[in-house]
There are 2 protein chains.
Amino acid sequence: MPVPLTKESDVDVLVIGAGPAGLMCAQGLTRAGVNVRIIDKRPGQVAAGQADGIQPRTIEVLQSYGLAERLLREANQMHMAAFYEPSPQGGIHRTGRAPDVNAPTARYPFEVTLHQGGIESIFVDCLRSLGKEIERPAIPDSIDVSNDPVVLKDPHAHAVKVVVKHLDTPQGRGDTEVIRAKYVVGADGAHSWVRKEMGIAMEGEQTDYVWGVVDMIPDTDFPDIRNRCAIHSENGSCMIVPREGDVVRLYIQLTDADVRNVTTGRVDMEKFSAEKLLEVAKKSFYPYHIKAAGPVHWWTIYIIGQRVAARFSSHERVFIAGDACHTHSPKAGQGMNASMNDTHNLIWKLTHVLRGWADMLLLKTYELERRKYAQDLIAFDRKFAALFSGKPKSADNPDGVDQEEFLAAFRTFGAFTSGIGVHYARTIITDPTHQSSAANLVVGQRVLPHAVVRAADARPFEVQDLLPADTRFKVVVFTGDIADAGQRERVNVFAGKLDREGGFMRKRKEAYDVLAVCKTRKEDVNYTDVPAVLRPHWSKVVLDDVDVTGKIGGGIYETYGVGPEGAVVVVRPDGYVGVVTPLEDVGSLERYFEGFDAKS
Amino acid sequence: MPVPLTKESDVDVLVIGAGPAGLMCAQGLTRAGVNVRIIDKRPGQVAAGQADGIQPRTIEVLQSYGLAERLLREANQMHMAAFYEPSPQGGIHRTGRAPDVNAPTARYPFEVTLHQGGIESIFVDCLRSLGKEIERPAIPDSIDVSNDPVVLKDPHAHAVKVVVKHLDTPQGRGDTEVIRAKYVVGADGAHSWVRKEMGIAMEGEQTDYVWGVVDMIPDTDFPDIRNRCAIHSENGSCMIVPREGDVVRLYIQLTDADVRNVTTGRVDMEKFSAEKLLEVAKKSFYPYHIKAAGPVHWWTIYIIGQRVAARFSSHERVFIAGDACHTHSPKAGQGMNASMNDTHNLIWKLTHVLRGWADMLLLKTYELERRKYAQDLIAFDRKFAALFSGKPKSADNPDGVDQEEFLAAFRTFGAFTSGIGVHYARTIITDPTHQSSAANLVVGQRVLPHAVVRAADARPFEVQDLLPADTRFKVVVFTGDIADAGQRERVNVFAGKLDREGGFMRKRKEAYDVLAVCKTRKEDVNYTDVPAVLRPHWSKVVLDDVDVTGKIGGGIYETYGVGPEGAVVVVRPDGYVGVVTPLEDVGSLERYFEGFDAKS
């Protein structure tokens, strides 16, 4: 037998890149029990800098994986935004403050900030607790997708061959490994190797806006140093993003004269230093003083680019995610959020296909949903960056940015900057036909957070916490008043149909979780009145009622637009509403699930 | 030189017993940097059973040490109580439900239940993270307190000699160690060896009430199995205490015929088994069925004893705490709570004396405060146990317990069963002279929980979380409206006096933390307007205002009974109000702290 020159192995999913998109992907798949590996070219985690804040919706997503508690403990929270503009007396003055998040339905009505290493650690520790380590440093050397149509059609075929070099092996040399993967996720950043290998073009272009960023502990008398702050000064714009502990990040607008090489016209990092950045900032802060108390933690300069990949996958075998498929301005705090939400969208789809539950066409919805979102994001970002980088309006500059216009944009774009405005269009997994049965629980949007009270013990819960990202579809049954005999009979009929021989619930019981929401008072309810098929455990019955203090819960039927006659709402494993039907229409549910069920 | 036969060592505090009282004590002292050791005779932690629920006030105390988060994650919560009595149709029926906790100011308006091993693990892991291990198994062999008055007067003298046998040494034999301690805490349970050695008597007596306890996962159609439930049946009383996961604890009233040996009249454990207990319970539950789904986790029978130790210390050198100084009925859920709160009261007092900050007379307040509480508790417990163990009132039994009477008692004693009614009387550390300056923040009671908004970043906080159990006194300065020039001038004058040369704040800066509470809108405030001495960090200024959502905070001045002119409230390191004064009366503050300051 010939001695193999390289190790060969099979894997279900290979994730390339251990930034926020790749880490999110790896933890979700590992948690789901998928055979996954994750490689990264960096020898260790990022220690400081990079990355932006985490939006309200992203906190909800992290919470759905049980990861928000630590984030909220370690991160800074931004609740308030403050706005400064040129003062008639010279320097700047505050024109107002406003909530940093403009999203009335946000469960977490604030953004959080934490250095990228802190965020990555949450994922790395989670992976470790699940027995999974990142393989690093390791770089992919080649990638080939099978061109055999039979192979490509078989969801369980190892259709992608990736050659990987492990750079830090015990032997001290670059061991080569051939990995045959069923699916590959390229989460390898803005300069994505995977994207280039797949020949996917980036559409869009660089802007002329050049900004500097500096992280430091400030020494200042500026009273809004712990708020997110937009400063328009005659000297240029500046944004403050307070971070964990006493650290503050400043985004500082630079001019061509500041940064460009006179001869080549290119941005010249050599021309710059943290000290020079702070010199620019100092002028913008006048009459307040600001300087670094101690050494600067991290700094960089960058040019805003706004681009989206032409495709997000190759044959639904190789996917790209995160910065690999979209880049935009950091100040709107979108980058890391869009990245983590890309793979959050992909995790359950890959899992369902790999488990043999779903047809491969489910995977097409990844690009449909996330590329549309990325395009909307870029369109928003163009407007926001232009407003933010523009000179303030004044007598000398009548075409400048009006403060009112800026504030209006800040408010209007709240749904975007909070991340909760995401609305996936109609596809096989989003069917708005019977939207009116739960008028305000919009199909394609995330489930609105709302407090409910558990029937068996009157304990209040956030309903989102009862719908975790555990890869199962949640069949949420609004039963109406279960203490009412007539309504109970309707619910019994529904339960009988749901549980029928050959129905979807019987076919793949493990793919569904059931939650009953009763419009019954906690003092009167017997949770035992809910039919057993809608109550797999005593904890699975909750009420539209306030808790014993009268302060938490109540009104979920009204908030969701569900009438006393009840309704059924299917929540996708990623927390987005998939389909809504009346209690009577079990047929619609059957058709929804048949639409992407694996052909067997 | 002769070879020493036993090891000898010095320690500041020796804690004997690693149950809830001892563990609370050890973690608090370790956290404070005190040189402490803790020994226990058991080779390992309790695995199941024992211990009761944790009251709302105890959760607040655990939170003040940063330990509540894990407790709340792992424990069950009891929000609702349900009441059953004999039904005219035979068997039992529900007469009503009511909130389990009757304490409007409770921050956590529920009780939690977790097996004792789970609770001890929280402390053990906390101690481990602080580098401290319990020494076990180890038993004390002798204890001697010096009778030299000079030694006893010196707070830093090693006045107590304890000989300890370590039972599980590497050599496999019982190594003996002589430990010379400055102070000893005997937290060694109801049969306390320390108490007996100190010759301290228990006052009070056993009752005739005999009860059985069984922990199990039930199989039942009883609709209140996850609520705290008081069942009065013709067959005897029963209480349900739902626990973590699906486990339920039943307390089952037993008759003399059930348990006593006919000849000796003594309780005979041999006569009993878990099966027999469940047989008794089954009759009380009729017409509902109940049985154990799988093996019983733990069971026991006990006689209610209600006793308090005559003294809680010997020369303020040896203290007893927890079950060592009070025993009572478990059903009111007091035992573990009183125990942990005993040592919570003692931790900071020992710490201040050991640091040379406070005079030894501070230690006398431990017995003054905690023995009075134990006596009140026993008085309450007598009434509650009698009501609960009595036969229900009926035509045949006109002298029986009336359901209305029971419910009234349940409500009346809410302050007790929640633990938040604790009110320490006037002593050197509780001075109610100027109570009217903060009329509702009662001197001797715990600081009322209330939400505030941080001035620098509009982030909401629970004010109790800004007053952690870090051994420092908290000087909470209600500044009034700091944006008002006149009021700001008054605050400046106060700050000047507080910061005067030779004042208490200058003398021991490390013993005090300062928090400013301004009655100023978050949109208007500049936290930089608060004088520097009242603002040791940007995070130390909070507002009487709602947060950006308008849902959290606001009204703390009104709730606390503080007028717009402001006030000063000193919060003891254990979270109880020590003294209240007007802004002008810095003299009262000086006198308060001088009252127990170490004479130097």
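Labels below follow one simple rule: chain letters A, B, ... track the order of the sequence lines, proteins then strands, and each chain is numbered from 1.
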**Q** Check whether any side-chain heavy atom of A:Arg73 sits under 4.5 Å from a side-chain heavy atom of B:Glu69, and report yes or no.
**A**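 Sidechains of B:Glu69 and A:Arg73: in contact.
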**Q** Using a 6.0 Å cut-off, check whether atom CZ of B:Phe461 has over 12 heavy atoms from anything other than its own residue.
**A**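 Yes, enclosed.
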**Q** Taking side chain as everything from C-beta outward and backbone as N, CA, C, O, which of these in B:Asp524 sits under 4.5 Å from a heavy atom of chain A? Side chain, backbone, both or neither.
**A**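 For B:Asp524, backbone heavy atoms alone lie under 4.5 Å from chain A.
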**Q** Side chain from CB out, backbone as N, CA, C, O: work out which of these in A:Asp221 comes under 4.5 Å of a heavy atom of chain B, or both, or neither.
**A**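 It is the backbone, since no side chain atom gets that close.
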**Q** Sort B:Val453 into side chain, backbone, both or neither according to what part of it lies under 4.5 angstrom from a heavy atom of chain A.
**A**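 Nothing of B:Val453, per the 4.5 Å heavy-atom cut-off to chain A.
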**Q** What is the distance from atom CG of B:Asp224 to atom OH of A:Tyr527, rounded to the nearest 0.5 Å?
**A**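 If I round to the nearest 0.5 Å, the distance is 9.0 Å.
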**Q** Hey, does the side chain of B:Arg97 reach the backbone of A:Lys522 with a donor-acceptor pair shorter than 3.5 angstrom?
**A** yes
**Q** Nearest 0.5 angstrom please: A:Met80 CE to B:Arg459 CZ, how far?
**A** 14.5 Å
**Q** Less than 4.5 Å to any heavy atom of chain A: does that hold for the side chain of B:Asn227, its backbone, both, or neither?
**A** both
**Q** What do you reckon, is CD of B:Glu558 surrounded by more than 12 foreign heavy atoms closer than 6.0 Å?
**A** no
**Q** Pick whichever of A:Thr549, A:Val525, A:Asp547 has the most heavy-atom pairs under 4.5 Å with chain B.
**A**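 Ranked by heavy-atom pairs under 4.5 Å with chain B, first place is A:Val525.
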**Q** Between A:Gln77, A:Met78, A:Lys551, A:Glu523, which residue shows the highest count of heavy-atom pairs closer than 4.5 Å to chain B?
**A**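 It is A:Gln77.
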**Q** Hey, could you give me the CG/NE2 distance between A:Asp457 and B:His79, rounded to the nearest 0.5 Å?
**A** 7.0 Å
**Q** B:Pro460, B:Ala82, B:Pro104, B:Ser539: which one forms the most heavy-atom pairs within less than 4.5 Å of chain A?
**A** B:Pro460
**Q** Hey, what do you get for CZ (B:Arg226) to CH2 (A:Trp538), rounding to the nearest 0.5 Å?
**A**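 That separation rounds to 4.0 Å.
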**Q** Between A:Val548 and B:Pro109, what is the shortest heavy-atom contact and its length?
**A** CG2-O, 4.4 Å
**Q** With a 6.0 Å cut-off (strictly less than), is the heavy-atom count around OH of A:Tyr288, excluding the residue itself, greater than 12?
**A** yes
